[in-house]
Amino acid sequence: MASELTLYNSLTREKEVFKPLTEGRVGMYVCGPTVYSDVHLGNCRTFVSFDVIYRYLMHQGFQVRYVRNITDVGHLEGDSDDVDAEDKISKKARLEALEPMEIAQKYANGFHDMMRVFNTLRPSIEPRATGHIPEQIKMVQDIIDNGFAYEVNGSVYFDTLKFIEQKDAYGKLSGRKVDELMAESRDDLKNQSEKKHPADFAIWMKAAPSHLMRWSSPWSDGFPGWHLECSAMSTKYLGETFDIHGGGNDLKFPHHENEIAQNVGSCNHAGARYWLHTNMLLMNGRKMSKSDGNTITPTQLFTGDSPHVSKGYSPMVVKFFMLQSHYRSTLDLTNEALAAAEKGYRRLMEANQVLQEMRFTGNHQSGALDQDINGLLDRVTYEMNDDFNTPKALAVLFELVTKINSFKGGQLTMEGLTPSTFQRLQETFTVFIQDVFALENELVSAGGNDEFEVLDGVMKMVIELRAQARANKDWGTADKIRDTLNELKVVLKDGKEGTSWGVE
RNA sequence: GGUUGGGUGGCCGAGUGGCUAGGCAGAGGUCUGCAAAACCUCGUACGGCGGUUCGAAUCCGCUCCCAACCUCCA
(Lines give C-alpha, C1' and ligand atoms only; values in the text may rest on other atoms or scores of the structure.)
Protein backbone atom coordinates (compact mmCIF):
# COMPACT_ATOMS: atom_id res chain seq x y z
CA MET A 1 0.00 0.00 0.00
CA ALA A 2 2.71 2.45 -0.94
CA SER A 3 1.43 5.94 -1.47
CA GLU A 4 2.64 9.42 -2.28
CA LEU A 5 2.08 12.35 -0.02
CA THR A 6 -0.97 14.19 -1.26
CA LEU A 7 -2.29 17.42 0.11
CA TYR A 8 -5.28 19.61 -0.47
CA ASN A 9 -4.21 22.86 -2.07
CA SER A 10 -6.60 25.70 -1.28
CA LEU A 11 -5.34 27.50 -4.36
CA THR A 12 -6.56 24.81 -6.79
CA ARG A 13 -9.22 23.31 -4.49
CA GLU A 14 -7.86 19.90 -5.29
CA LYS A 15 -5.74 17.26 -3.69
CA GLU A 16 -2.33 17.29 -5.33
CA VAL A 17 0.71 15.08 -5.06
CA PHE A 18 3.29 16.97 -3.07
CA LYS A 19 6.47 17.63 -5.00
CA PRO A 20 8.86 20.02 -3.27
CA LEU A 21 10.86 22.52 -5.26
CA THR A 22 14.08 20.92 -4.11
CA GLU A 23 14.15 17.18 -3.71
CA GLY A 24 14.14 16.21 -0.07
CA ARG A 25 13.66 19.72 1.26
CA VAL A 26 10.55 21.61 2.26
CA GLY A 27 10.06 25.29 2.92
CA MET A 28 6.95 25.96 4.96
CA TYR A 29 5.60 29.29 6.15
CA VAL A 30 2.75 29.50 8.64
CA CYS A 31 1.11 32.73 9.73
CA GLY A 32 1.77 33.09 13.42
CA PRO A 33 -0.09 35.12 16.01
CA THR A 34 -0.48 38.83 16.43
CA VAL A 35 0.77 39.19 19.98
CA TYR A 36 -1.67 41.66 21.47
CA SER A 37 -3.60 39.32 23.79
CA ASP A 38 -3.62 35.79 25.20
CA VAL A 39 -3.55 33.07 22.60
CA HIS A 40 -6.95 31.90 21.41
CA LEU A 41 -7.85 28.22 21.71
CA GLY A 42 -8.71 28.10 18.02
CA ASN A 43 -5.25 29.47 17.32
CA CYS A 44 -3.85 26.54 19.25
CA ARG A 45 -5.69 24.12 17.01
CA THR A 46 -4.09 25.65 13.93
CA PHE A 47 -0.59 25.48 15.37
CA VAL A 48 -1.10 21.96 16.67
CA SER A 49 -2.23 20.95 13.17
CA PHE A 50 0.82 22.48 11.55
CA ASP A 51 3.09 21.01 14.19
CA VAL A 52 1.86 17.54 13.24
CA ILE A 53 2.32 18.39 9.57
CA TYR A 54 5.86 19.63 10.30
CA ARG A 55 6.67 16.51 12.30
CA TYR A 56 5.19 14.19 9.70
CA LEU A 57 7.16 15.82 6.89
CA MET A 58 10.35 15.31 8.87
CA HIS A 59 9.34 11.75 9.65
CA GLN A 60 8.95 11.19 5.92
CA GLY A 61 12.58 12.19 5.56
CA PHE A 62 12.19 15.77 4.42
CA GLN A 63 14.52 18.42 5.67
CA VAL A 64 12.04 21.12 6.63
CA ARG A 65 12.56 24.80 7.19
CA TYR A 66 9.51 25.84 9.16
CA VAL A 67 9.04 29.59 9.39
CA ARG A 68 6.33 30.96 11.64
CA ASN A 69 6.19 34.67 12.21
CA ILE A 70 5.17 36.81 15.10
CA THR A 71 3.25 39.90 14.08
CA ASP A 72 4.08 42.69 16.47
CA VAL A 73 3.23 45.73 14.38
CA GLY A 74 0.88 46.82 11.63
CA HIS A 75 -2.23 44.96 12.62
CA LEU A 76 -4.90 47.61 13.08
CA GLU A 77 -8.15 47.74 14.97
CA GLY A 78 -11.29 48.36 12.96
CA ASP A 79 -11.05 49.55 9.38
CA SER A 80 -7.56 48.50 8.52
CA ASP A 81 -6.89 51.38 6.16
CA ASP A 82 -8.38 54.13 8.22
CA VAL A 83 -5.60 56.58 8.99
CA ASP A 84 -7.00 57.06 12.47
CA ALA A 85 -7.23 53.37 13.24
CA GLU A 86 -5.09 52.22 16.11
CA ASP A 87 -2.50 49.48 15.99
CA LYS A 88 -3.55 46.50 18.10
CA ILE A 89 -0.28 46.36 19.98
CA SER A 90 -0.20 50.11 20.52
CA LYS A 91 -3.73 50.12 21.82
CA LYS A 92 -2.99 47.38 24.29
CA ALA A 93 0.18 49.17 25.34
CA ARG A 94 -1.84 52.29 26.07
CA LEU A 95 -4.44 50.30 28.02
CA GLU A 96 -1.87 48.44 30.09
CA ALA A 97 0.47 51.43 30.35
CA LEU A 98 3.38 49.45 28.90
CA GLU A 99 5.78 49.87 26.01
CA PRO A 100 4.48 48.30 22.80
CA MET A 101 7.45 45.98 22.83
CA GLU A 102 6.60 44.92 26.36
CA ILE A 103 3.16 43.97 25.16
CA ALA A 104 4.57 42.04 22.24
CA GLN A 105 7.04 40.24 24.48
CA LYS A 106 4.47 39.47 27.16
CA TYR A 107 2.03 37.84 24.79
CA ALA A 108 4.73 36.19 22.72
CA ASN A 109 5.97 34.59 25.93
CA GLY A 110 2.46 33.44 26.76
CA PHE A 111 2.08 32.05 23.29
CA HIS A 112 5.35 30.12 23.56
CA ASP A 113 4.37 28.73 26.95
CA MET A 114 1.10 27.47 25.51
CA MET A 115 2.83 25.91 22.53
CA ARG A 116 5.10 24.07 24.95
CA VAL A 117 2.09 22.87 26.94
CA PHE A 118 0.72 21.37 23.74
CA ASN A 119 4.11 19.76 23.13
CA THR A 120 4.75 21.39 19.78
CA LEU A 121 8.18 21.95 18.30
CA ARG A 122 9.57 25.40 17.83
CA PRO A 123 9.75 26.54 14.24
CA SER A 124 13.13 26.72 12.52
CA ILE A 125 12.84 30.48 12.27
CA GLU A 126 10.40 32.72 14.12
CA PRO A 127 10.82 36.16 12.61
CA ARG A 128 9.15 39.28 13.96
CA ALA A 129 7.63 42.01 11.85
CA THR A 130 9.45 44.74 13.80
CA GLY A 131 12.73 42.96 13.14
CA HIS A 132 12.21 43.18 9.41
CA ILE A 133 11.35 46.79 8.72
CA PRO A 134 14.12 47.31 6.11
CA GLU A 135 12.96 44.23 4.21
CA GLN A 136 9.42 45.53 4.24
CA ILE A 137 10.45 49.00 3.12
CA LYS A 138 12.36 47.46 0.24
CA MET A 139 9.33 45.43 -0.76
CA VAL A 140 7.16 48.54 -0.74
CA GLN A 141 9.69 50.24 -2.97
CA ASP A 142 9.77 47.26 -5.33
CA ILE A 143 5.99 47.29 -5.60
CA ILE A 144 6.01 51.03 -6.30
CA ASP A 145 8.76 50.57 -8.90
CA ASN A 146 6.67 47.92 -10.60
CA GLY A 147 3.74 50.32 -10.73
CA PHE A 148 1.43 48.49 -8.38
CA ALA A 149 1.39 50.99 -5.54
CA TYR A 150 0.97 54.71 -5.08
CA GLU A 151 1.79 57.17 -2.35
CA VAL A 152 -0.70 59.56 -0.78
CA ASN A 153 0.32 61.89 2.05
CA GLY A 154 3.10 59.61 3.21
CA SER A 155 1.10 56.41 3.08
CA VAL A 156 1.50 53.85 0.33
CA TYR A 157 -1.39 51.82 -1.03
CA PHE A 158 -1.44 48.73 -3.15
CA ASP A 159 -3.18 49.46 -6.46
CA THR A 160 -5.43 46.43 -6.52
CA LEU A 161 -7.41 47.54 -9.55
CA LYS A 162 -4.32 47.99 -11.67
CA PHE A 163 -2.92 44.72 -10.40
CA ILE A 164 -6.10 42.91 -11.42
CA GLU A 165 -5.96 44.50 -14.85
CA GLN A 166 -2.35 43.54 -15.49
CA LYS A 167 -1.89 40.29 -13.60
CA ASP A 168 -4.23 37.36 -13.51
CA ALA A 169 -3.49 36.61 -9.90
CA TYR A 170 -6.06 38.24 -7.66
CA GLY A 171 -9.05 36.52 -6.09
CA LYS A 172 -7.96 33.00 -6.99
CA LEU A 173 -7.33 31.84 -3.46
CA SER A 174 -10.46 33.21 -1.82
CA GLY A 175 -12.81 32.83 -4.78
CA ARG A 176 -13.55 36.51 -4.79
CA LYS A 177 -15.04 37.67 -8.03
CA VAL A 178 -12.71 40.19 -9.48
CA ASP A 179 -15.49 41.76 -11.58
CA GLU A 180 -17.40 42.54 -8.45
CA LEU A 181 -14.36 43.97 -6.75
CA MET A 182 -13.74 46.19 -9.75
CA ALA A 183 -17.36 47.20 -10.01
CA GLU A 184 -17.30 48.63 -6.53
CA SER A 185 -17.72 52.29 -7.06
CA ARG A 186 -15.24 54.83 -5.90
CA ASP A 187 -18.21 56.62 -4.43
CA ASP A 188 -18.29 53.85 -1.83
CA LEU A 189 -15.18 55.31 -0.35
CA LYS A 190 -15.62 57.61 2.50
CA ASN A 191 -14.40 61.09 1.68
CA GLN A 192 -11.56 60.94 4.15
CA SER A 193 -10.05 57.83 2.63
CA GLU A 194 -6.89 58.22 0.63
CA LYS A 195 -7.42 55.06 -1.36
CA LYS A 196 -8.25 55.19 -5.05
CA HIS A 197 -10.38 52.09 -4.86
CA PRO A 198 -12.07 50.20 -2.01
CA ALA A 199 -10.06 47.08 -2.79
CA ASP A 200 -6.74 48.89 -2.38
CA PHE A 201 -4.92 48.28 0.86
CA ALA A 202 -2.15 49.99 2.80
CA ILE A 203 1.36 48.64 2.58
CA TRP A 204 2.96 51.56 4.40
CA MET A 205 1.11 53.87 6.74
CA LYS A 206 2.14 57.28 7.91
CA ALA A 207 2.01 57.33 11.68
CA ALA A 208 -0.18 59.80 13.48
CA PRO A 209 1.79 62.00 15.90
CA SER A 210 0.53 59.99 18.88
CA HIS A 211 1.47 56.68 17.34
CA LEU A 212 4.11 54.93 19.42
CA MET A 213 5.53 52.53 16.85
CA ARG A 214 7.21 54.33 13.96
CA TRP A 215 10.13 53.94 11.64
CA SER A 216 11.52 56.31 9.06
CA SER A 217 11.01 55.45 5.43
CA PRO A 218 11.24 57.25 2.07
CA TRP A 219 7.56 58.12 2.39
CA SER A 220 7.01 59.05 6.01
CA ASP A 221 7.68 58.17 9.60
CA GLY A 222 5.32 55.27 9.83
CA PHE A 223 4.87 51.55 9.95
CA PRO A 224 4.27 48.68 7.53
CA GLY A 225 0.80 47.47 6.63
CA TRP A 226 -0.56 44.23 7.90
CA HIS A 227 0.00 41.50 5.24
CA LEU A 228 3.34 42.94 4.21
CA GLU A 229 5.39 41.29 6.95
CA CYS A 230 4.44 37.81 5.78
CA SER A 231 5.35 38.55 2.17
CA ALA A 232 8.66 40.08 3.15
CA MET A 233 9.70 37.46 5.68
CA SER A 234 8.62 34.43 3.67
CA THR A 235 10.60 35.78 0.74
CA LYS A 236 13.64 36.46 2.91
CA TYR A 237 13.81 33.05 4.53
CA LEU A 238 12.21 30.75 1.96
CA GLY A 239 12.74 32.54 -1.33
CA GLU A 240 10.52 34.11 -3.95
CA THR A 241 8.93 30.72 -4.53
CA PHE A 242 8.54 28.13 -1.83
CA ASP A 243 6.57 25.01 -1.04
CA ILE A 244 3.90 25.36 1.61
CA HIS A 245 2.06 28.27 3.13
CA GLY A 246 -0.34 27.62 5.97
CA GLY A 247 -2.72 29.47 8.18
CA GLY A 248 -6.24 29.61 9.49
CA ASN A 249 -9.14 29.67 7.10
CA ASP A 250 -10.14 33.11 8.23
CA LEU A 251 -6.88 34.50 6.90
CA LYS A 252 -7.64 33.50 3.32
CA PHE A 253 -9.17 36.85 2.64
CA PRO A 254 -7.90 39.45 2.72
CA HIS A 255 -4.60 38.50 4.37
CA HIS A 256 -3.42 35.69 2.13
CA GLU A 257 -4.94 37.09 -1.03
CA ASN A 258 -3.06 40.32 -0.40
CA GLU A 259 0.10 38.47 0.44
CA ILE A 260 0.03 36.85 -2.98
CA ALA A 261 -0.63 40.22 -4.60
CA GLN A 262 2.37 41.73 -2.80
CA ASN A 263 4.62 38.86 -3.79
CA VAL A 264 3.62 39.02 -7.43
CA GLY A 265 3.63 42.81 -7.33
CA SER A 266 7.16 42.98 -5.99
CA CYS A 267 8.97 40.17 -7.78
CA ASN A 268 6.47 38.58 -10.17
CA HIS A 269 6.45 35.31 -8.23
CA ALA A 270 3.43 34.13 -6.28
CA GLY A 271 5.33 32.77 -3.28
CA ALA A 272 3.81 29.55 -2.04
CA ARG A 273 2.91 26.69 -4.35
CA TYR A 274 0.67 24.82 -1.91
CA TRP A 275 -1.70 26.66 0.38
CA LEU A 276 -3.02 24.80 3.42
CA HIS A 277 -5.83 26.19 5.54
CA THR A 278 -7.05 24.89 8.85
CA ASN A 279 -10.71 25.15 9.72
CA MET A 280 -12.36 26.79 12.69
CA LEU A 281 -12.89 25.45 16.17
CA LEU A 282 -16.50 25.85 17.29
CA MET A 283 -17.96 25.48 20.73
CA ASN A 284 -21.39 23.96 21.22
CA GLY A 285 -21.98 24.25 17.49
CA ARG A 286 -21.33 27.96 17.32
CA LYS A 287 -18.34 30.15 16.79
CA MET A 288 -16.44 31.12 19.87
CA SER A 289 -17.33 34.64 20.69
CA LYS A 290 -16.42 36.73 23.67
CA SER A 291 -19.41 39.01 23.23
CA ASP A 292 -22.03 36.34 23.89
CA GLY A 293 -20.01 34.31 26.37
CA ASN A 294 -19.51 31.37 24.04
CA THR A 295 -15.80 31.16 24.64
CA ILE A 296 -13.20 29.40 26.73
CA THR A 297 -9.48 30.00 27.16
CA PRO A 298 -6.99 27.14 27.02
CA THR A 299 -6.26 27.64 30.70
CA GLN A 300 -9.94 27.52 31.66
CA LEU A 301 -10.26 24.35 29.66
CA PHE A 302 -7.33 22.77 31.53
CA THR A 303 -8.56 23.80 34.96
CA GLY A 304 -12.27 23.31 34.35
CA ASP A 305 -12.93 26.84 35.50
CA SER A 306 -15.72 27.54 33.03
CA PRO A 307 -19.47 26.91 32.80
CA HIS A 308 -18.88 25.15 29.48
CA VAL A 309 -17.06 22.16 30.97
CA SER A 310 -17.89 19.91 33.89
CA LYS A 311 -14.22 19.43 34.76
CA GLY A 312 -10.74 20.20 33.50
CA TYR A 313 -9.24 18.43 30.52
CA SER A 314 -5.51 18.05 30.26
CA PRO A 315 -3.57 19.55 27.35
CA MET A 316 -2.90 16.14 25.83
CA VAL A 317 -6.59 15.23 25.98
CA VAL A 318 -7.38 18.48 24.20
CA LYS A 319 -4.68 17.78 21.65
CA PHE A 320 -5.93 14.23 21.08
CA PHE A 321 -9.43 15.65 20.68
CA MET A 322 -8.12 17.99 17.99
CA LEU A 323 -6.31 15.20 16.16
CA GLN A 324 -9.48 13.12 16.08
CA SER A 325 -10.85 15.50 13.47
CA HIS A 326 -9.31 16.52 10.17
CA TYR A 327 -7.59 19.90 10.10
CA ARG A 328 -9.80 21.06 7.21
CA SER A 329 -13.04 20.36 9.08
CA THR A 330 -14.67 22.50 11.66
CA LEU A 331 -14.43 20.91 15.08
CA ASP A 332 -17.15 21.26 17.66
CA LEU A 333 -15.88 21.51 21.19
CA THR A 334 -18.41 20.17 23.69
CA ASN A 335 -18.05 18.82 27.19
CA GLU A 336 -19.35 15.45 26.08
CA ALA A 337 -16.91 15.23 23.16
CA LEU A 338 -14.00 16.12 25.44
CA ALA A 339 -15.02 13.48 27.97
CA ALA A 340 -15.11 10.93 25.15
CA ALA A 341 -11.70 12.09 23.93
CA GLU A 342 -10.27 11.71 27.42
CA LYS A 343 -11.29 8.05 27.56
CA GLY A 344 -10.00 7.43 24.06
CA TYR A 345 -6.70 9.14 24.82
CA ARG A 346 -6.19 6.99 27.90
CA ARG A 347 -7.06 3.82 26.07
CA LEU A 348 -4.52 4.61 23.39
CA MET A 349 -1.76 5.59 25.80
CA GLU A 350 -2.33 2.62 28.08
CA ALA A 351 -2.24 0.23 25.14
CA ASN A 352 1.01 1.81 24.02
CA GLN A 353 2.50 1.30 27.48
CA VAL A 354 1.37 -2.31 27.43
CA LEU A 355 2.83 -2.79 23.97
CA GLN A 356 6.22 -1.32 24.82
CA GLU A 357 6.55 -3.60 27.85
CA MET A 358 5.28 -6.65 25.99
CA ARG A 359 7.61 -9.44 24.92
CA PHE A 360 7.32 -11.41 21.75
CA THR A 361 5.80 -14.84 22.38
CA GLY A 362 5.07 -16.00 18.85
CA ASN A 363 6.24 -19.06 16.99
CA HIS A 364 8.30 -17.15 14.41
CA GLN A 365 5.98 -18.35 11.65
CA SER A 366 4.42 -15.88 9.27
CA GLY A 367 0.69 -16.34 8.96
CA ALA A 368 -2.54 -14.45 8.49
CA LEU A 369 -1.94 -12.41 11.63
CA ASP A 370 1.35 -11.17 10.28
CA GLN A 371 -0.31 -9.98 7.10
CA ASP A 372 -3.17 -8.45 9.01
CA ILE A 373 -0.95 -6.40 11.29
CA ASN A 374 1.43 -5.36 8.56
CA GLY A 375 -1.55 -4.22 6.50
CA LEU A 376 -2.78 -2.06 9.35
CA LEU A 377 0.70 -0.64 9.95
CA ASP A 378 0.96 0.29 6.28
CA ARG A 379 -2.37 2.01 6.52
CA VAL A 380 -1.25 4.42 9.22
CA THR A 381 1.22 6.00 6.80
CA TYR A 382 -1.20 5.65 3.92
CA GLU A 383 -3.81 7.70 5.77
CA MET A 384 -1.29 10.32 6.83
CA ASN A 385 -0.14 10.61 3.24
CA ASP A 386 -3.73 11.41 2.33
CA ASP A 387 -3.65 15.08 3.31
CA PHE A 388 -2.50 14.36 6.86
CA ASN A 389 -5.63 12.44 7.81
CA THR A 390 -4.96 12.16 11.53
CA PRO A 391 -8.47 10.88 12.44
CA LYS A 392 -8.12 7.97 10.06
CA ALA A 393 -4.58 7.22 11.17
CA LEU A 394 -5.79 7.19 14.77
CA ALA A 395 -8.68 4.91 13.82
CA VAL A 396 -6.16 2.42 12.44
CA LEU A 397 -4.07 2.66 15.60
CA PHE A 398 -7.20 1.86 17.60
CA GLU A 399 -7.75 -1.25 15.53
CA LEU A 400 -4.25 -2.25 16.57
CA VAL A 401 -5.02 -1.34 20.19
CA THR A 402 -7.63 -4.09 20.20
CA LYS A 403 -5.00 -6.58 19.02
CA ILE A 404 -2.48 -5.40 21.62
CA ASN A 405 -5.02 -5.74 24.42
CA SER A 406 -6.01 -9.14 23.11
CA PHE A 407 -2.39 -10.30 23.26
CA LYS A 408 -2.26 -9.13 26.81
CA GLY A 409 -5.61 -10.54 27.82
CA GLY A 410 -4.93 -13.86 26.14
CA GLN A 411 -7.83 -13.62 23.70
CA LEU A 412 -5.30 -13.64 20.89
CA THR A 413 -1.93 -15.40 20.67
CA MET A 414 1.04 -14.24 18.64
CA GLU A 415 0.93 -17.38 16.57
CA GLY A 416 1.55 -16.48 12.95
CA LEU A 417 3.31 -13.27 13.90
CA THR A 418 6.97 -12.74 13.11
CA PRO A 419 9.37 -10.99 15.51
CA SER A 420 10.10 -8.33 12.92
CA THR A 421 6.43 -7.46 12.54
CA PHE A 422 6.04 -7.33 16.30
CA GLN A 423 9.01 -5.00 16.48
CA ARG A 424 7.53 -2.91 13.69
CA LEU A 425 4.30 -2.66 15.68
CA GLN A 426 6.20 -1.33 18.68
CA GLU A 427 8.19 1.10 16.57
CA THR A 428 5.17 2.40 14.69
CA PHE A 429 3.36 3.19 17.92
CA THR A 430 6.42 4.94 19.28
CA VAL A 431 6.92 6.93 16.10
CA PHE A 432 3.34 8.09 15.66
CA ILE A 433 2.38 8.66 19.25
CA GLN A 434 5.66 10.28 20.32
CA ASP A 435 7.22 11.77 17.23
CA VAL A 436 4.36 12.64 14.88
CA PHE A 437 1.30 13.25 17.03
CA ALA A 438 3.57 14.12 19.95
CA LEU A 439 1.14 12.94 22.58
CA GLU A 440 2.92 12.89 25.92
CA ASN A 441 2.03 10.19 28.35
CA GLU A 442 0.34 12.06 31.16
CA LEU A 443 -0.65 8.83 32.84
CA VAL A 444 2.72 8.36 34.47
CA SER A 445 4.70 11.53 34.05
CA ALA A 446 2.68 13.64 36.47
CA GLY A 447 4.72 14.72 39.46
CA GLY A 448 8.10 14.14 37.92
CA ASN A 449 10.11 10.98 37.55
CA ASP A 450 11.56 10.73 41.04
CA GLU A 451 8.19 11.08 42.70
CA PHE A 452 6.76 8.59 40.29
CA GLU A 453 9.44 6.05 41.17
CA VAL A 454 8.57 6.36 44.85
CA LEU A 455 4.84 6.14 44.22
CA ASP A 456 5.25 3.20 41.90
CA GLY A 457 7.28 1.37 44.54
CA VAL A 458 4.63 2.01 47.19
CA MET A 459 1.89 0.89 44.85
CA LYS A 460 3.73 -2.32 44.03
CA MET A 461 3.88 -3.11 47.73
CA VAL A 462 0.18 -2.36 48.19
CA ILE A 463 -0.68 -4.52 45.18
CA GLU A 464 1.45 -7.32 46.64
CA LEU A 465 -0.37 -7.11 49.98
CA ARG A 466 -3.71 -7.28 48.21
CA ALA A 467 -2.53 -10.26 46.16
CA GLN A 468 -1.68 -12.06 49.39
CA ALA A 469 -5.07 -11.25 50.86
CA ARG A 470 -6.74 -12.56 47.75
CA ALA A 471 -4.66 -15.72 47.84
CA ASN A 472 -5.93 -16.20 51.40
CA LYS A 473 -9.48 -15.51 50.21
CA ASP A 474 -9.51 -12.56 52.56
CA TRP A 475 -11.92 -10.62 50.35
CA GLY A 476 -12.59 -8.00 53.02
CA THR A 477 -8.98 -6.82 53.10
CA ALA A 478 -8.57 -7.12 49.33
CA ASP A 479 -11.66 -5.05 48.63
CA LYS A 480 -10.82 -2.50 51.28
CA ILE A 481 -7.48 -1.85 49.57
CA ARG A 482 -9.17 -1.55 46.19
CA ASP A 483 -12.03 0.66 47.35
CA THR A 484 -9.84 2.97 49.39
CA LEU A 485 -7.54 3.46 46.42
CA ASN A 486 -10.57 4.12 44.24
CA GLU A 487 -11.61 6.91 46.55
CA LEU A 488 -8.17 8.41 45.93
CA LYS A 489 -8.81 8.02 42.19
CA VAL A 490 -6.27 5.26 41.91
CA VAL A 491 -7.58 2.37 39.86
CA LEU A 492 -6.31 -1.19 40.05
CA LYS A 493 -6.58 -3.30 36.95
CA ASP A 494 -6.36 -7.04 37.44
CA GLY A 495 -4.90 -8.76 34.42
CA LYS A 496 -3.81 -12.23 33.50
CA GLU A 497 -0.24 -11.47 34.45
CA GLY A 498 -0.79 -9.47 37.59
CA THR A 499 -2.23 -6.15 38.57
CA SER A 500 -1.39 -2.74 37.20
CA TRP A 501 -2.44 0.64 38.49
CA GLY A 502 -3.29 4.05 37.14
CA VAL A 503 -4.68 7.38 38.21
CA GLU A 504 -8.23 8.12 37.10
C1' G B 1 -26.49 39.98 -0.50
C1' G B 2 -21.51 37.74 -2.46
C1' U B 3 -17.55 33.97 -1.57
C1' U B 4 -16.01 29.26 0.76
C1' G B 5 -17.02 24.86 3.36
C1' G B 6 -20.57 21.90 5.83
C1' G B 7 -25.35 19.13 7.47
C1' U B 8 -23.62 11.36 8.95
C1' G B 9 -26.44 6.96 14.24
C1' G B 10 -27.41 9.31 21.71
C1' C B 11 -22.49 12.60 21.38
C1' C B 12 -17.81 13.76 18.63
C1' G B 13 -16.09 12.45 13.99
C1' A B 14 -13.94 9.82 9.15
C1' G B 15 -15.61 8.36 4.44
C1' U B 16 -17.64 9.71 -0.74
C1' G B 17 -21.13 5.58 -6.41
C1' G B 18 -21.75 -1.28 -4.38
C1' C B 19 -16.82 -3.26 0.43
C1' U B 20 -17.05 -2.68 9.25
C1' A B 21 -14.28 3.98 9.82
C1' G B 22 -12.81 5.07 14.78
C1' G B 23 -13.56 7.07 19.80
C1' C B 24 -17.31 7.76 23.71
C1' A B 25 -22.08 6.38 25.53
C1' G B 26 -25.97 2.13 25.48
C1' A B 27 -27.48 -3.47 25.36
C1' G B 28 -26.00 -8.66 25.80
C1' G B 29 -21.98 -12.09 26.68
C1' U B 30 -16.73 -14.04 28.10
C1' C B 31 -13.19 -13.48 31.98
C1' U B 32 -13.25 -12.39 37.53
C1' G B 33 -14.28 -14.42 44.44
C1' C B 34 -17.27 -9.86 43.21
C1' A B 35 -16.01 -5.67 40.47
C1' A B 36 -12.98 -2.73 37.32
C1' A B 37 -9.98 -3.34 33.04
C1' A B 38 -9.71 -6.26 28.68
C1' C B 39 -12.05 -9.19 24.85
C1' C B 40 -16.50 -10.80 21.75
C1' U B 41 -21.42 -9.60 19.73
C1' C B 42 -25.35 -5.98 18.73
C1' G B 43 -28.70 -1.71 17.63
C1' U B 44 -30.61 3.04 15.63
C1' A B 45 -27.23 6.88 10.20
C1' C B 46 -26.16 9.69 6.26
C1' G B 47 -31.18 17.51 6.62
C1' G B 48 -35.74 17.52 3.04
C1' C B 49 -37.82 16.82 -2.01
C1' G B 50 -36.96 15.30 -6.88
C1' G B 51 -33.55 13.25 -10.77
C1' U B 52 -29.36 10.14 -13.03
C1' U B 53 -27.95 4.81 -12.20
C1' C B 54 -28.67 -2.17 -12.01
C1' G B 55 -27.27 0.36 -7.41
C1' A B 56 -26.49 7.05 -4.05
C1' A B 57 -25.05 8.89 2.36
C1' U B 58 -21.61 9.48 -1.99
C1' C B 59 -23.22 12.39 -8.65
C1' C B 60 -27.01 16.35 -10.51
C1' G B 61 -31.10 19.99 -9.51
C1' C B 62 -34.14 22.48 -6.07
C1' U B 63 -34.97 23.60 -0.96
C1' C B 64 -34.15 24.26 4.36
C1' C B 65 -30.44 24.82 8.11
C1' C B 66 -25.25 25.74 10.13
C1' A B 67 -20.29 27.84 10.16
C1' A B 68 -16.37 30.94 8.26
C1' C B 69 -14.85 35.09 5.23
C1' C B 70 -16.40 39.83 2.86
C1' U B 71 -15.12 44.29 9.11
C1' C B 72 -10.60 42.53 14.04
C1' C B 73 -9.81 37.21 14.14
C1' A B 74 -6.22 30.78 13.36
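Chain letters run A, B, ... following the sequence lines, proteins first and then strands; every chain starts at 1. All values below come from the heavy atoms of this structure, side chains included, with hydrogens, waters and symmetry mates left out.
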request  = Indicate for each nucleotide in nucleotides 13-23 of chain B, in 5' to 3' sequence, whether protein heavy atoms under 4.0 Å reach the base (B), only the sugar-phosphate (S), or nothing (-).
outcome  = SSS-----BSB
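A/E257 places its CD atom 15 Å from the P atom of B/U3, with the value rounded to the nearest Å. For the pair A/N279 CG and B/C66 C1', the interatomic distance rounds to 12 Å; values are reported in whole Å. Atom NZ of A/K480 is separated from atom C1' of B/G33 by 20 Å (rounded to the nearest Å). Between A/M288 atom CE and B/A67 atom C1' the separation is 13 Å, expressed in whole Å. Rounded to whole angstrom, the span from the CG atom of A/L282 across to the C1' atom of B/G5 amounts to 12 Å. The interatomic distance linking A/K319 (NZ) with B/C12 (P) rounds to 24 Å, in whole Å. Between A/N486 atom CG and B/C34 atom C1' the separation is 13 Å, expressed in whole Å. Protein atom CD of A/E350 is 11 Å distant from nucleotide atom P of B/C39, rounded to whole Å.
With hydrogens and angles ignored, a donor-acceptor pair closer than 3.5 Å exists between the side chain of A/R482 and the base of B/A35.
Between A/Y274 and A/Y29, a ring centre-to-centre spacing not shorter than 6.0 Å is recorded.
Looking at A/L7 and A/I53, their side chains never come closer than 4.5 Å, going by heavy atoms from C-beta outward.
Across the C1' atoms, B/G47 and B/C70 are found 27 Å apart, a figure rounded to whole Å. Here, B/A27 and B/C65 have their P atoms 38 Å apart, quoted to the whole Å.
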task = Give the C-alpha distance, both sets of side-chain angles, the deciding distance and a yes or no for side chain to side chain contact (heavy atoms under 4.5 Å, CB included) between A/M28 and A/F242.
result = CA-CA 7 Å; A/M28 177 164 85; A/F242 57 96; over 6 Å; no
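When both distances must be under 3.5 Å, the Watson-Crick or G-U wobble mate of B/A67 is B/U4.
Distances shorter than 4.0 Å separate none of the side-chain N or O atoms of A/N249 from OP1 or OP2 on B/C69.
Using a 4.0 Å heavy-atom distance criterion, A/G42 is classed as a base contact.
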